[in-house]
Every structure is written in C-alpha cells, then in structure tokens.
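Below is one structure; the comments refer to it alone.
What you see is a predicted model; the values in this text were computed from it and never measured.
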Amino acid sequence: MWYLQYPLEDGDDHVTVATTRPETMLGDTAVAINPNDPRAESLRGRYVTLPIVGRRIPIVEDEYVVMPGTEGDAKAEFATGFLKVTPAHDPNDWDIGQRHDLEAINIMAPDGSISDRHGWDDVSDDAKPFVGLSREDARAAIVAWFTKSGLLENIRDYSHSVGHSYRSHVPIEPYLSDQWYVRVTDDRLRGEALRSMASEQHDGEMPARLDGSNSNGDSTLHFSPPRYARTFQQWHENLRDWCISRQLWWGHRIPVWSLTCPIEGDLPDEPLSVPPDGCGLPMCGIDDDTMCTRISVDRGEDVVRIMVCIAGGHGDVEERLVEAGFQQDPDVLDTWFSSALWPMSTMGWPNPSAFPDTEGLLDAFNPTDVLCTAREIITLWVSRMVMFNRYFMDGQMPFRDVYIHPMVQDGHGQKMSKSLGNGVDPRDIIHSHGTDALRLVMAQIATATQDVRLPVDLVDPHSGETFSPEFITTTAGHRVSAPVQQSPSKAGGEMVTVYGLLAGEEPSDERPLAKNTSSRFDVGRNFATKTWNAARFALGRVECPEPVADVTALSVTDRWMLSRVATAAAGLEEAIGQYRFNAAAELIYDIVWRDFCDWYLEAIKPTVGDDPKQQRVLLSVLDALLRMLHPICPFVTEAIWPHVQSLGERGMPGLSLPSADMIAVAAWPKHDASLLDQDAEQKTARLQSLVTEIRRARSDNDVPNKAGITLLAPPSLHGLASQEAEVLSGLCRVAEVKPMPAARPAGTLAFAMDGEEVLLDLAGAIDPVVERARLEAKAGTLEGTIKGMNGRLSNASYVQKAPAHLVEETRTQLQQAEADLAATRAAIEALA
RNA sequence: GGGCGAUUAGCUCAGUUGGCUAGAGCGCUUCGUUUACACCGAAGAAGUCACAGGUUCGAGUCCUGUAUCGCCCA
C-alpha cells in the first residue's frame with residue numbers, strides 16, 4: 001500500500017491517498033472524501049492538481065469512502081479518508097464516477113500497458129515517459145517519481161486478494177471497453193423465467209405478466225432436489241444485464257456490421273429505419289418485415305456510426321455490407337449465449353427449411369421432460385435456456401423438470417478438474433470394472449445431499465496391479481498425483497499420470513500412461529458378476545415350466561418372492577419418479593442379491609427340479625428382475641435376455657411379462673396388488689430368523705457343515721417348520737423337524753424365538769462355555785430392552801400422548817421380550 | 001460479503017412428514033471349495049449420530065448457538 005500526496009490547487013496543503021495500484025493515478029479524475037468526515041467541509045468545492053499529469057480534479061463527497069478509525073472495518077486501519085477515483089480502472093470508482101458525473105479516462109491499452117491511444121488525451125510532458133510502459137514497470141516508475149518529488153508519504157504492507165485470470169493466471173486489470181449486453185432484466189426475460197417456476201417451489205408472490213395474461217409455460221418448471229428452486233429464483237430476482245460479448249478467437253460471431261461515416265446535415269430525432277442519405281449504402285432490398293435487420297445509429301459530433309444486425313441466412317446482404325466498407329464486430333458471443341439457444345438451435349430453429357435433417361425435431365423434443373445438470377449450471381445455462389426458449393417460442397418451456405445431481409470429488413475432497421488432472425475418465429473405469437459396474441455405482445452415489453468423494457487409484461501398466469499413487473502438493477495447494485510414479489512390483493518400472501501429462505511429461509513405451517481406477521466400483525463389478533451367475537444357475541434349473549393359474553396355491557417361498565418383486569417394482573417406480581437414483585440402486589441391489597440370490601435360490605434348490613410350477617415362478621421372477629435392473633445394468637441384462645426369452649412364456653396372474661426381442665424395448669413388469677402376500681412375508685420372516693439362529697448355533701459350536709441336526713420345535717413353530725423342512729434342510733442342514741418333547745432332552749441347545757424356547761439337537765456338539773456366554777449376553781440385552789420398555793410404559797405421558805398403536809406395540813414387545821428372557825434363563829439353567 | 005450443503009462404524013456413505021434394538025458396501029476376526037458365483041457363502045466384532053442448549057411422551061431426524069469442512073454466486 002502506497003501513500004501518495006496530491007497537492008491542493010490553492011494553497012500549500014495536500015491530501016494523501018492510499019493505493020495498491022499507484023500506476024492507475026494517471027487516470028484519476030477526482031479525490032473522494034466521506035461527507036461525514038470532519039475535514040470535508042473545509043474541502044468542499046476545492047480541487048487538487050494531479051501530480052505528473054497536472055490534471056485539475058475535484059474533491060467529491062461520497063459515503064463509499066472508508067473513514068480512518070472506523071470500528072470493525074479492516075480497511076479503516078489503512079485508510080487516509082481520501083480515495084483516489086479512477087473510474088476507467090476500478091468498478092467501485094466507476095460507480096462513484098457515475099454518481100458525481102466524472103470523466104472516465106482510460107490510460108491503458110488492451111494489453112495492460114500505459115497508452116495514450118484509448119481515451120487519454122491530456123498527456124503532459126511529465127507524463128509522456130510513462131506511456132508505453134507495462135503496468136508493472138509503470139508502477140515502479142510512478143513510485144520512483146513520487147519518491148523523487150517528495151510526495152511519497154509512506155509504504156505499508158497490506159494483504160488483500162486480487163482476481164486472477166483462470167487461464168493465464170495474471171492479475172485482472174479492470175479496463176473500460178465497449179461490450180454488448182442483453183437486457184435480461186426485461187420482464188419478457190426475467191419475468192418469464194420467474195413465472196415459469198412451479199408455484200409450490202416459488203417463494204412469495206410471482207411477478208404478474210404486464211398484460212395480465214398467462215402463458216402455456218407458466219408454473220411448469222420443477223427442480224429436484226427442491227432446494228435448488230431457491231437458487232433459480234434468487235438469481236433472477238437479483239439479475240443484472242448480461243454482457244454477452246467475448247474477445248475470444250472462437251464462438252458464434254456477433255452478427256453486427258458497422259460503419260462510421262461523416263454526417264451531411266442534421267439527423268432526425270426519431271430512430272432511423274433506413275441508412276441516412278449521404279452514406280451511399282446499398283441497403284435497399286432488405287425486407288424490414290422479416291425482421292432480418294435492425295439498424296442503430298450512434299450520433300457523434302460530425303460522424304455517425306451505423307450498426308446493422310443481420311439474421312442468419314442472409315449471406316448476400318452481408319457481402320454487400322462488406323463491399324460498402326462495413327466490418328463485422330470482432331467479438332464472439334459468450335458461450336452461454338450460444339448454449340442458451342441449444343434447445344432450439346440444435347433442432348433447426350430459426351430456419352428449419354435450411355436444415356432438412358431436423359424436420360419435426362423441434363416439435364417432438366421441445367419441450368423435453370427433464371434437464372439433468374450440476375448446480376453451478378442453474379444460473380449459467382438453465383436460466384438462459386428458460387428465458388430464450390420462452391422468448392422465442394411463445395412462452396413455451398424448453399423442459400419441465402431440472403434434476404441437479406451431486407458432484408464427484410477426488411479422494412481429497414477437491415473438485416475434479418481438467419487443469420488438476422484429478423478427474424477420472426469413465427473409460428478407465430469401464431476398462432477396470434465394466435460399464436454396468438460404473439453405471440450402478442454412479443446411481444448408488446447419486447444422493448440428494450452430499451457430493452461424493454472418489455479416491456482414485458492407478459493401474460500399473462507394467463503389471464496390471466492396482467495401487468495408490470503418491471501425491472504431491474501444487475504451489476496452489478492442491479493435492480495431485482505425482483507426475484511420474486514407480487511400479488509397485490516391477491523394479492525400475494515407471495509410468496506417467498494424467499497430471500504428469502499436464503506437467504509436460506511425455507508417455508513412452510518404457511514409461512506409459514497409467515490408467516485410473518477406484519475401488520469404489522468393486523461393488524458394481526461384483527454385482528454384475530453375481531447377477532450373471534445367478535441367472536446362469538436359474539436358467540439351468542428351468543426345464544419344463546408349467547403355467548401357474550393360482551398364485552395362492554404356490555409354496556410360501558414362491559409367494560414370498562413374488563410379493564417381494566411386486567414391492568420392489570413399486571418402490572423402484574417411486575424412487576425413479578422422484579429422481580432418487582441412489583434409493584433405486586439400493587432397492588434393486590437388495591432384491592437381487594439379498595432376496596433372490598441369498599434366500600430364494602438357496603431355498604428352492606431342493607425342490608425346483610421336480611416342481612414345474614416353481615420353475616415357472618423362478619423364470620418369471622428372473623425375467624421381472626432383469627427388466628427392473630436393466631436401466632441400471634443395461635449390458636449384463638441384455639446379454640441374459642435371449643436365454644430367458646427362449647424358455648417360453650413368463651408371467652402369471654398379477655404379473656404380466658410380455659415378450660420382446662430386446663430387453664431395452666421390453667415393457668416394465670406390470671404387477672398388481674394381488675401379488676402382495678402378508679402371510680408369506682410373515683412366515684418367511686419367521687423362517688429367516690430361525691435359520692439365522694440355527695446357523696449361529698452351528699457356527700458357535702463348530703458343528704461340521706455336513707452334519708445334519710434335529711430341530712425340536714414348539715407347537716406354534718412346528719407346523720411351519722415341518723411344512724418348510726426342505727427349505728430348512730437346504731439353508732441350515734436341518735435333517736429332521738420334531739415336536740418339542742415334554743421334557744428337555746439332555747445335550748440339546750436352546751434359544752428363544754418369539755417368546756418361545758426352541759431346541760436343537762446338535763448330536764452332542766455343544767460347547768457349554770461358549771453357549772453359556774452367548775446366553776448370558778443375550779439375557780443381558782433382553783434385560784436392557786425390558787427395562788427400557790418398562791420405563792416407557794410407566795411414563796404416563798407416553799401412554800396418554802403417543803399413538804395408541806405404538807403403545808400397544810410396546811406392550812406386545814415387552815411381553816415377548818419377557819418370555820424370551822424366561823426361555824433364555826431356562827436354557828442357562830439347563831446347561832448347568 | 002450473500003446463499004446452499006455436510007459432520008453417523010477404521011474408510012466411503014444411506015437413514016423422505018420425529019416412533020421397533022441406527023443400516024449398507026469395503027475393511028477387520030472366525031469358519032467354509034454343499035455341482036450358480038471365492039468378484040462367493042455363513043457367523044461375528046465395531047457407532048456417547050461434531051459440540052452445547054432447547055422443543056417433545058419420544059430427537060440422528062425439528063429449533064437456536066458454536067466449531068470444522070466443502071461448494072456456488074458476488
């Protein structure tokens with residue numbers, strides 16, 4: 001921070017301004033002071049002489065100026081109370097200049113060097129040596145000049161942030177220039193955008209259309225998750241006019257041609273619809289009714305600048321303009337301007353006859369159903385597409401739903417970016433894990449709230465081995481993988497990373513580029529393999545399926561599986577309808593792996609070979625699951641599909657599964673509520689907990705896998721257990737189911753289930769120490785549960801205020817827990 | 001500066017109007033090649049739900065504050 005003295009025009013005194021960019025003083029056109037500053041009164045109406053330049057500049061009063069010593073303002077500590085005002089080179093100074101009608105003097109060229117050719121015309125002899133210097137050299141020279149002249153009062157260290165170009169990384173220099181703007185604050189743009197919002201997502205009153213009408217696109221735009229509607233609304237409510245011109249090499253060129261020519265005579269006040277006489281322009285023949293031209297005239301003192309905007313498809317007019325000396329504007333449109341036209345311009349608009357391939361597309365796909373994008377795009381693209389589409393398409397929306405997906409970050413929580421090389425090429429994941437695995441896991445991690453961290457590993461091109469790379473920290477503080485990595489297994493083997501490519505490393509045969517991978521996708525790969533194997537197994541078991549006429553006559557296990565399929569299908573429909581893709585992925589994962597593979601396939605192994613109806617159920621369930629899975633795992637399901645088709649008809653009452661050549665075009669399974677089977681679900685839940693208990697008993701007591709055991713079931717369980725004896729045999733090697741005898745036989749193991757004691761004859765394999773410990777632990781847990789429930793039930797407020805069914809449920813659970821505890825204690829005693 | 005989100009098992013994350021003993025995958029421990037699958041199966045251990053208050057019969061869930069992290073916009 002440099003403190004520069006500016007002498008007052010009259011008298012010997014001076015004011016001191018503080019600045020971090022001394023070189024901009026050449027363009028100062030005022031010094032500002034806060035009107036509340038006690039010094040303001042005596043300085044009112046006075047002028048200073050700008051050093052070097054000799055320009056006479058006023059002292060103006062503006063509340064923007066920070067007064068020295070202001071509490072709680074870090075800037076105040078460095079402030080002198082006087083602010084040099086450089087409207088052409090600082091946005092805040094520009095605003096001050098507007099308020100006080102100050103001149104804006106541009107003292108720089110577009111390359112940032114000091115220049116007298118871009119608006120600076122009072123260059124003094126003292127100032128001439130500075131012209132042509134770079135801004136950095138000029139800063140040093142200005143400071144030297146002030147030092148030599150005794151006008152440099154002080155230098156202090158001051159830390160502040162300066163905007164840098166994301167591309168060239170140099171500090172950005174505010175600079176006065178002519179740009180094109182779109183007046184998006186117009187009600188036909190901003191107002192239409194706000195009115196497009198679904199009313200339940202719009203906060204407060206929507207702006208009414210000026211003519212009081214409604215339009216076909218009103219209140220149709222819906223965001224998922226809904227909180228992003230706020231982003232959209234707030235952006236439009238605080239919208240400023242949009243600068244659409246860019247000084248880049250590529251993009252859509254701005255379709256404006258201009259010519260400056262001398263005026264002959266006075267110009268009329270009204271806007272010109274044709275070129276003024278005297279310019280000699282070949283403008284006739286342009287049909288103003290087609291709105292293909294707009295002519296604007298900029299009046300100077302003795303010249304006029306004519307700008308003509310030409311619609312597309314009028315190359316002949318453009319040629320004639322150029323012949324007449326017109327030049328096309330050198331700027332291109334902001335990329336988001338071009339993108340805003342995407343829903344229309346990709347489908348032939350505005351001139352479909354020029355693009356026969358696009359015939360019918362606009363009607364078919366505009367509006368479309370859903371736009372899927374990331375949050376920062378809401379303002380950049382979503383907003384502009386809505387405004388443009390409504391403006392040009394008679395109020396019509398480009399789409400109805402906007403789904404905002406989470407962002408994938410790298411393993412260090414950094415946004416993936418091209419310049420950091422920390423992104424993952426999906427093809428690398430396809431290479432290491434497969435397309436379906438990539439897709440399933442992407443769906444799984446697409447949650448509504450969190451961004452997702454994806455720790456990235458490398459695949460060693462020398463050995464194919466996966467390993468964690470070494471990381472380095474860039475000067476900007478980012479964690480990136482080191483440009484060159486050592487092979488974990490091949491001595492001396494090296495490889496280049498994606499970041500290495502950016503850092504200038506050249507891959508070679510000896511030192512190849514390493515592919516990325518991530519263990520996050522293992523679950524997807526495993527799932528695809530599991531699905532493939534399960535389908536292979538199931539198909540092999542279907543030999544002679546018979547139609548099922550009566551679903552209620554099927555086995556408990558079959559009815560349960562069909563009930564699960566119907567439940568899962570309904571759940572999937574809901575989840576996908578709400579754009580909750582992670583919920584959909586979890587649902588399909590669980591029904592395929594947990595219900596179908598772990599339980600159903602295992603449970604039917606003993607019976608399916610001899611049961612043609614069960615084969616029909618198995619085939620139908622497989623078919624339905626593949627259809628449900630297909631959106632998330634398209635390839636593995638398509639590969640299995642022909643084999644399912646070849647086994648004949650599927651489906652049964654309540655489950656419709658029409659044939660199709662490809663699963664991609666197969667109908668979603670049509671299921672009805674008749675498949676939902678509470679009885680089968682309850683019975684299976686009981687069997688499942690029985691199986692779990694038996695498996696644990698076997699595991700705890702080291703019963704060999706092949707050894708069959710005998711289940712001694714209490715009356716309430718015996719019917720189900722003996723009916724499902726084959727299921728129990730297949731799942732936990734129960735060789736025999738017997739009723740519970742009156743007296744407990746010696747050497748049996750007991751556990752409590754649903755308030756009753758169940759016995760297992762493990763053929764003497766009981767380990768009493770292990771068994772006692774397990775039972776004691778179980779009793780402890782039960783005691784805790786009982787204590788908690790007793791506490792709840794003895795709380796009068798709970799009994800009175802909680803819903804009756806919950807209180808009832810607590811009572812039932814308490815009874816059962818007490819019965820379980822009694823049974824467990826009995827088992828402990830029997831062990832002794 | 002304004003806004004949004006996060007903090008739950010060793011790791012990565014679910015947990016939709018407040019209500020069963022807080023879940024999954026990976027990892028970890030033990031066991032297992034029974035003709036779908038070892039990219040598998042079975043069993044198990046593991047969490048004071050960031051912290052402090054509040055509302056409620058009841059809070060991971062609602063409210064207030066604090067801390068830390070991240071993103072978007074200016």
* Sugar-phosphate only, base, or nothing, as touched by Cys732(A) at under 4.0 Å among non-hydrogen atoms -> nothing

* Asp702(A) CG to Leu762(A) CG distance, which is reported to the nearest 0.5 Å -> 11.0 Å

* Asked: When all nucleic acid strands are considered with a 4.0 Å heavy-atom cut-off, which category describes Lys605(A): base, sugar-phosphate, or nothing?
  -> base

* P atom, A46(B) versus G23(B): distance in rounded Å? -> 13 Å

* Could one point to a donor on the side chain of Arg375(A) or the base of C72(B) with an acceptor on the other under 3.5 Å away? -> no

* To do: Sticking with atom C1', work out how far A59(B) lies from G18(B), rounded to a whole angstrom.
  => 6 Å

* Is the phosphate of G41(B), meaning OP1 or OP2, less than 4.0 Å from a side-chain N or O of Trp593(A)? -> yes

* Do Thr529(A) side-chain and C39(B) base share a donor-acceptor contact under 3.5 Å? -> yes

* To do: Would you mind reporting whether Phe596(A) and Leu618(A) have side-chain heavy atoms less than 4.5 Å apart?
  => yes

* 5'-most contact on RNA chain B: Asn533(A) or Lys415(A), nearest heavy atom basis? -> Asn533(A)

* Which value, in whole Å, describes the distance between the P atoms of nucleotides G65(B) and G10(B)? -> 31 Å

* Side chains of Ser468(A) and Asp457(A), donor plus acceptor under 3.5 Å -> yes

* Asked: Any side-chain donor paired with an acceptor under 3.5 Å for Tyr64(A) and Asp95(A)?
  -> no

* **Nearest listed nucleotide, side chain of Arg230(A), among C4(B), C72(B), A36(B)** => C4(B)

* Would you indicate, yes or no, if A38(B) has its OP1 or OP2 atom less than 4.0 angstrom from a side-chain nitrogen or oxygen of Lys530(A)? => no

* Asked: With a 4.0 Å cut-off on heavy atoms, is Gln800(A) in touch with a base, just the backbone sugar-phosphate, or nothing at all?
  -> nothing

Check residues 376-385 of chain A and write down every donor-acceptor pair under 3.5 Å in which the side-chain atom is one partner and the other belongs to a residue at least two apart or another chain.
| residue | atom | partner | partner atom | Å |
| --- | --- | --- | --- | --- |
| Trp381(A) | NE1 | Ser339(A) | O | 2.8 |
| Ser383(A) | OG | Trp235(A) | NE1 | 3.2 |
| Ser383(A) | OG | His236(A) | NE2 | 2.8 |
| Arg384(A) | NH1 | Leu380(A) | O | 3.0 |

* Assign Arg453(A) to base, sugar-phosphate, or nothing according to its heavy-atom contacts below 4.0 angstrom with the strands shown. => sugar-phosphate

* Will you find, in the side chains of Asn795(A) and Arg792(A), an N or O donor that is under 3.5 Å from an N or O acceptor? -> no

* Taking the same atom, C1', in C63(B) and in G25(B), what whole-Å distance lies between them? -> 34 Å

* Asked: Residues two or more places apart in sequence or in another chain: which of them pass side chain to side chain donor-acceptor pair (under 3.5 Å) with Asp595(A)?
  -> Arg564(A)

* To do: Please report, rounded to the nearest Å, how far the C1' atom of U35(B) is from the CD1 atom of Ile604(A).
  => 16 Å

* To do: Take atom C1' in C40(B) and the same atom in U21(B), then report the distance between them in whole Å.
  => 30 Å

* Footprint string (nucleotides 15-27 of chain B, 5' to 3'): B base within contact, S backbone only, - free, heavy atoms under 4.0 Å -> -B--BBS---S--

* C49(B) and C13(B): how far apart are their C1' atoms, nearest whole angstrom? -> 13 Å

* Asked: Counting just side-chain N and O atoms, does Arg733(A) come under 4.0 Å of either OP1 or OP2 of U34(B)?
  -> no

